[in-house]
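Reviewing the structure listed below.
Small disclaimer: the values here were computed from a predicted structure and weren't measured.
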Amino acid sequence: MTLLNVDAVDVHYGDFQALYGLSLHVQEGETLAVIGANGAGKSTLMKALAGLMTPTNGTITFDGRDITRVPSYKRVPMGIALTPEGRRIFPSLSVEENLKVGAHSGRPGPWNLASVYEAFPLVADRRDRVGVNLSGGEQQAAAIGRALMSNPRLLMLDEVSLGLAPVVVEQIYAAMPTITGNGTTVLLVEQDVNQALKVADRVQCLLEGRTVLEGTAGSLTRDQIASAYFGI
């Protein structure tokens, strides 16, 4: 079944239009990777889905319900969680305290402290360390764990690998099979095309706020992706 459906959405920052009639859908249980260069509209899309921006046109439907104008704080209890670009963990709280904040909605499900620590050994090893003293990779892993603690049906990951060393990126992506294996649907925004293709069922490429290419991860060639990514 279709868990998330975005239909002809426009999003503006004042007079500047960032998304133009964008449509996408995510089936329950699948991983969709949205790729594109800087300024393609990827993070704007995530903000609209999380309720941090309101589309000027179009509709967003989650599990059959129109959530286009549902505020962000009501979307988490519905089962939508966002790991934002920049991680934004609480710097004065320990890793474990950050994780507990993510569980405030009280949604039942497979994710708790024990399962997050099992999926992310990097987080388990730093559980008592405060956020301000974490590396970028440690913050990213903690931010994903915090989102999982809300037991989302849809986990949205915005720029997972941005600014991280390749070895840390590999460690974080190693948890993806566990996340999807627990039934979580994933919408992944990523500039690292190679990483996206490794975990995604389908890929959708944006350019200047519009979809320019989409298909199953295995059906798209590198040349097709490169041409769409750079607008060649």
Side-chain angles (χ1 to χ4, degrees), residues 1-32 34 39-93 97-112 116 131 139-140 142-160 162 179 183-189 204 206 209 211:
M1 63 167 281
T2 300
L3 181 63
L4 175 72
N5 190 67
V6 179
D7 184 25
V9 161
D10 296 338
V11 177
H12 290 74
Y13 294 89
D15 292 333
F16 173 75
Q17 187 165 355
L19 297 180
Y20 295 81
L22 187 68
S23 296
L24 63 77
H25 67 276
V26 187
Q27 300 295 319
E28 188 157 27
E30 79 167 340
T31 298
L32 172 66
V34 177
K42 306 184 304 298
S43 291
T44 299
L45 169 65
M46 296 296 250
K47 290 175 183 177
L49 297 178
L52 301 174
M53 297 188 71
T54 302
T56 46
N57 288 297
T59 58
I60 301 171
T61 306
F62 181 73
D63 195 22
R65 175 183 173 185
D66 186 344
I67 63 166
T68 310
R69 285 167 176 74
V70 172
S72 58
Y73 70 90
K74 291 185 178 181
R75 299 193 190 195
V76 175
M78 294 171 60
I80 300 173
L82 169 67
T83 299
E85 181 182 354
R87 299 117 196 182
R88 299 184 187 177
I89 67 170
F90 296 101
S92 63
L93 300 183
E97 288 169 335
N98 268 280
L99 295 179
K100 289 179 177 178
V101 168
H104 75 279
S105 67
R107 280 180 55 85
W111 293 102
N112 51 40
V116 168
Q139 289 183 28
Q140 185 65 282
I144 296 172
R146 181 181 61 188
L148 288 171
M149 288 286 287
S150 69
N151 280 295
R153 295 181 65 188
L154 175 66
L155 174 65
M156 301 189 298
L157 303 175
D158 194 0
E159 301 289 12
V160 173
L162 186 64
I179 293 172
T184 306
T185 303
V186 177
L187 177 59
L188 170 70
V189 157
Q204 188 159 339
L206 305 188
T211 297

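- Residues L99 and G145 approach most closely at CD2-C, 3.5 Å, considering heavy atoms.
- Side-chain atoms of L155 and I179, non-hydrogen and from C-beta on, do get closer than 4.5 Å to each other.
- Side chains of L52 and M46 form no contact here, defined as non-hydrogen atoms less than 4.5 Å apart.
- A donor-acceptor pair under 3.5 Å links the side-chain atoms of S23 to the main chain of A8, judged by distance alone.
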Could you go through V101 and L93, starting from their C-alpha distance and side-chain angles, then the distance that decides it, and tell me whether this counts as side-chain contact (heavy atoms from CB on, under 4.5 Å)? CA-CA 10 Å; V101 168; L93 300 183; 4.1 Å; yes

List the steps, then state whether side-chain contact (heavy atoms from CB on, under 4.5 Å) holds for V116 with I144. CA-CA 9 Å; V116 168; I144 296 172; over 6 Å; no

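- Remark: side-chain polar atoms of T185 are paired, donor with acceptor, to backbone N or O of G29 under 3.5 angstrom.
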Run the side-chain contact (heavy atoms from CB on, under 4.5 Å) test on D10 and L19 for me, step by step, so that the C-alpha distance in whole Å, both residues' side-chain angles and the decisive distance to 0.1 Å come before the verdict. CA-CA 5 Å; D10 296 338; L19 297 180; 5.8 Å; no

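- Salt-bridge annotation for R153 and D63: present, with a side-chain N of the basic residue lying under 4.0 Å from a carboxylate O of the acidic one.
- Atom CZ of R75 is separated from atom CG of L49 by 7.5 Å, given to the nearest 0.5 angstrom.
- Under a 3.5 Å cut-off, the side chain of N98 and the backbone N or O of I89 do not form any donor-acceptor pair.
- The side-chain heavy atoms of V9 and T59, taken from C-beta on, include no pair separated by under 4.5 Å.
- For the pair L187/V34, a side-chain contact is recorded, criterion being any heavy-atom separation below 4.5 Å from C-beta on.
- A side chain to side chain contact (heavy atoms under 4.5 Å, CB included) with V11 is found for one member of T44, T54, N57 and no other, namely T44.
- Considering CG of L188 and NZ of K42, their distance stands at 11.0 Å, rounded to 0.5 Å.
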Would you sort out whether H25 and T2 count as a side chain to side chain donor-acceptor pair (under 3.5 Å), showing the intermediate values? CA-CA 7 Å; H25 67 276; T2 300; 5.9 Å; no

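- Shown here for M78 and K74, the closest heavy-atom pair between the two residues is CG-O, 3.2 Å.
- Taking CZ of R146 as the start and NE2 of H104 as the end, the distance is 10.5 Å to the nearest 0.5 Å.
- Expressed to the nearest 0.5 Å, how far CZ of R65 lies from CD1 of I60 amounts to 13.0 Å.
- Crowding of Y13 atom OH: a count of heavy atoms from other residues, nucleotides or ligands under 6.0 Å exceeding 12.
- Once rounded to the nearest 0.5 Å, the distance linking CZ of F62 with CG of L3 reads 4.0 Å.
- Across W111 and N151, no two heavy atoms sit closer than the pair N-OD1, 2.7 Å.
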Going through the checks in order, is the side chain to side chain donor-acceptor pair (under 3.5 Å) test met by D66 and T61? CA-CA 4 Å; D66 186 344; T61 306; 5.2 Å; no

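- Using modelled atom types, one finds a donor on one side chain and an acceptor on the other under 3.5 Å when comparing T211 with Q204.
- Scanning all heavy atoms of the two residues, the minimum distance from S150 to A81 falls at OG-CB, 3.6 Å.
- Contact record, H12 with G14: CB-O, 3.5 Å, taken as the closest heavy-atom pair.
- One finds the CZ atom of R69 at 12.0 Å from the CD1 atom of I67 (value rounded to the nearest 0.5 Å).
- Inter-residue side-chain proximity for Q17 and T56 is flagged as unmet; no heavy-atom pair is nearer than 4.5 Å.
- Here the shortest heavy-atom pairing between V160 and Q140 reads O-NE2, 2.9 Å.
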